[in-house]
2 protein chains.
Amino acid sequence: MNKELPPWEKAREEFVAQWGSFGTQWGINRTMAQIHALLMTAPEPMCTDEVMEKLEISRGNAHTNLKDLVGWNLVRIITRKGDRKEYFEAEKDVWKIFITISKERKRREIEPAIHLLRDCADRTKDEAAGPGREFHQQMKDLDEFLSFGVKVADTVITMKHASALQWAMRLLG
Amino acid sequence: MNKELPPWEKAREEFVAQWGSFGTQWGINRTMAQIHALLMTAPEPMCTDEVMEKLEISRGNAHTNLKDLVGWNLVRIITRKGDRKEYFEAEKDVWKIFITISKERKRREIEPAIHLLRDCADRTKDEAAGPGREFHQQMKDLDEFLSFGVKVADTVITMKHASALQWAMRLLG
DNA sequence: TCACGGTTTCACTAGAAACTGAAAATACCG
DNA sequence: CGGTATTTTCAGTTTCTAGTGAAACCGTGA
């Protein structure tokens, strides 16, 4: 059944499967990563049933993860006139993907962490010396570092790919 | 029992607990993140039993995660003369922590991904047109992007904190 | 209004990951 | 050598997450 696949599709299946495992290493679940890989390499937008079939997963699973990907702004819904089905299409531009993921991670992961650090720093700002003071300083250091990172990210995020590239090249130069 | 804790220790407990949850959002398991937070804010190196007690976890759990952290180079083992126990101490310098984590993630996550992409690109390099060609290009694009990222990371990794800061400031400037 | 194609939800289950506790291994000391 | 303090391993258990499949829920057109 796999024999009939054109060679590039074989490579694609490899890619999808492996991308799934990589996903799990990050916090991302296997199916979500696989669907993303699948759509990134899809010549045309795909519907839920096609995804189900390709990955041999249930409708519920396909549905939830497709919608999650839409929530991450990595996939958009396409509708066709005279067709009630929804089709899904992934962003393929690598730079845009990078921007999108950075934004989301910043919002979901970094910013909450910064809040925690500020809170802990605040609660110990009157510590004059000793372990308490050191703790306070550590919280401030972490906060400062992450906040600075966010600033850099914000700058990069608003850059065009070309400008970012140019900027980075200067560093490597 | 918590009443007797100095205020900074209360903040610390909050920090440790929360850092644990953040950990899970990344691929990191709760306990490992908590131990890391605990050690980062420890005035002195701690031994296994202290960690067990503070976090109310089993010896096995404490042991495995401490050793994992050592494996990540985020924690080092300290021994004291006349004392058979091992003590654990976390790197506290934020920049160094960042460097260490970047290195490890690069090695464990990015480089394997690059290999996969190269392999998939290679296997489809003869596709002349159509979907096969597009797939090939997508693999190449992803590879190029990640490889470039690695180069940038390698440069940053070898920089002193001050130089990196200066460099980043110019961007924000 | 009903029937149909499609989407969404959700109670349940399978499997993975984390954790425990105790036994086994190791290191050190007289 | 014992004997003791500590580390390491691991079988068994718990906990959590991902995934299933079917029922409920739309929206549309006849």
Side-chain angles (χ1 to χ4, degrees), chain A residues 16-39 44-72 75-89 108-109, chain B residues 16-39 44-72 75-89 108-109:
Chain A
V16 169
Q18 287 281 64
W19 205 252
S21 334
F22 287 133
T24 50
Q25 291 200 301
W26 289 72
I28 301 151
N29 86 26
R30 179 185 249 68
T31 306
M32 185 159 150
Q34 286 185 339
I35 296 183
H36 187 226
L38 190 68
L39 290 178
E44 298 293 335
M46 300 174 74
C47 65
T48 307
D49 295 74
E50 286 166 338
V51 172
M52 286 167 61
E53 195 190 347
K54 269 278 183 192
L55 302 180
E56 305 186 45
I57 57 177
S58 73
R59 179 173 306 282
N61 194 11
H63 174 79
T64 330
N65 283 294
L66 279 166
K67 285 305 161 84
D68 281 356
L69 282 166
V70 172
W72 273 79
V75 165
R76 52 183 161 275
I77 297 172
I78 306 276
T79 47
R80 293 167 174 168
K81 30 202 158 180
D83 188 344
R84 271 152 69 174
K85 269 208 281 290
E86 287 182 331
Y87 292 81
F88 300 89
E89 178 182 60
R108 300 178 191 217
E109 294 160 12
Chain B
V16 169
Q18 287 281 67
W19 205 251
S21 333
F22 287 134
T24 50
Q25 291 200 303
W26 290 73
I28 301 151
N29 87 26
R30 179 185 250 65
T31 305
M32 184 159 151
Q34 286 185 339
I35 296 184
H36 187 226
L38 190 68
L39 291 179
E44 298 294 335
M46 300 174 72
C47 66
T48 307
D49 295 74
E50 287 165 338
V51 171
M52 286 167 62
E53 195 190 344
K54 270 275 184 192
L55 301 180
E56 305 185 47
I57 57 176
S58 73
R59 180 173 307 282
N61 195 10
H63 174 79
T64 328
N65 283 294
L66 278 166
K67 285 305 160 86
D68 282 354
L69 282 165
V70 172
W72 273 79
V75 166
R76 50 181 162 275
I77 296 172
I78 306 278
T79 47
R80 292 166 174 168
K81 30 201 157 179
D83 188 345
R84 270 154 70 173
K85 270 208 281 290
E86 287 182 331
Y87 292 80
F88 300 89
E89 178 182 60
R108 300 179 192 217
E109 294 161 11

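Below, chain A is the first sequence line, B the second, and so on; all start at residue 1.
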Between CG of B/Asn61 and P of C/dA17 the distance, given in whole Å, is 16 Å
For residues 21-38 of chain A, which residues have at least one heavy atom under 4.0 Å from DNA chain C? none
Taken to the nearest whole Å, CG/A/Asp68 to P/D/dG19 is 11 Å
For the backbone of B/Glu50 and the side chain of B/Glu53, can you confirm whether one donor and one acceptor N or O come within less than 3.5 Å of each other? no
Stepwise, does the side-chain contact (heavy atoms from CB on, under 4.5 Å) test hold for A/Met32 with A/Trp72? CA-CA 11 Å; A/Met32 185 159 150; A/Trp72 273 79; 3.5 Å; yes
Testing the basics here: between B/Arg80 and B/Glu44, what is the closest heavy-atom pair and its distance to 0.1 Å? NH2-OE1, 4.3 Å
Value for CD1 (B/Ile77) from CZ (B/Phe88), rounded to nearest 0.5 Å, stands at 5.0 Å
Rounded to the nearest 0.5 angstrom, the OG-CD distance for A/Ser21 and A/Gln34 is 7.5 Å
N/O to N/O distances under 3.5 Å, protein versus nucleotides 1-7 of chain D:
{"from": "D/dT4", "atom 1": "O2", "to": "B/Arg84", "atom 2": "NH2", "distance (Å)": "3.1"}
{"from": "D/dA5", "atom 1": "O4'", "to": "B/Arg84", "atom 2": "NH2", "distance (Å)": "3.4"}
{"from": "D/dA5", "atom 1": "N3", "to": "B/Arg84", "atom 2": "NH2", "distance (Å)": "3.3"}
{"from": "D/dT7", "atom 1": "OP1", "to": "B/Glu86", "atom 2": "N", "distance (Å)": "2.7"}

Atom-pair distance (CE on A/Met52; C1' on D/dG19), nearest Å: 12 Å
Smallest separation among heavy atoms of B/Gly20 and B/Ala33, with atom names: CA-CB, 3.9 Å
A/Val51 pairs by side-chain contact (heavy atoms from CB on, under 4.5 Å) with which of A/Thr48, A/Asp49, A/Leu55? A/Leu55
Once you round to the nearest 0.5 Å, how far does CG of B/Leu39 lie from NZ of B/Lys54? 11.5 Å
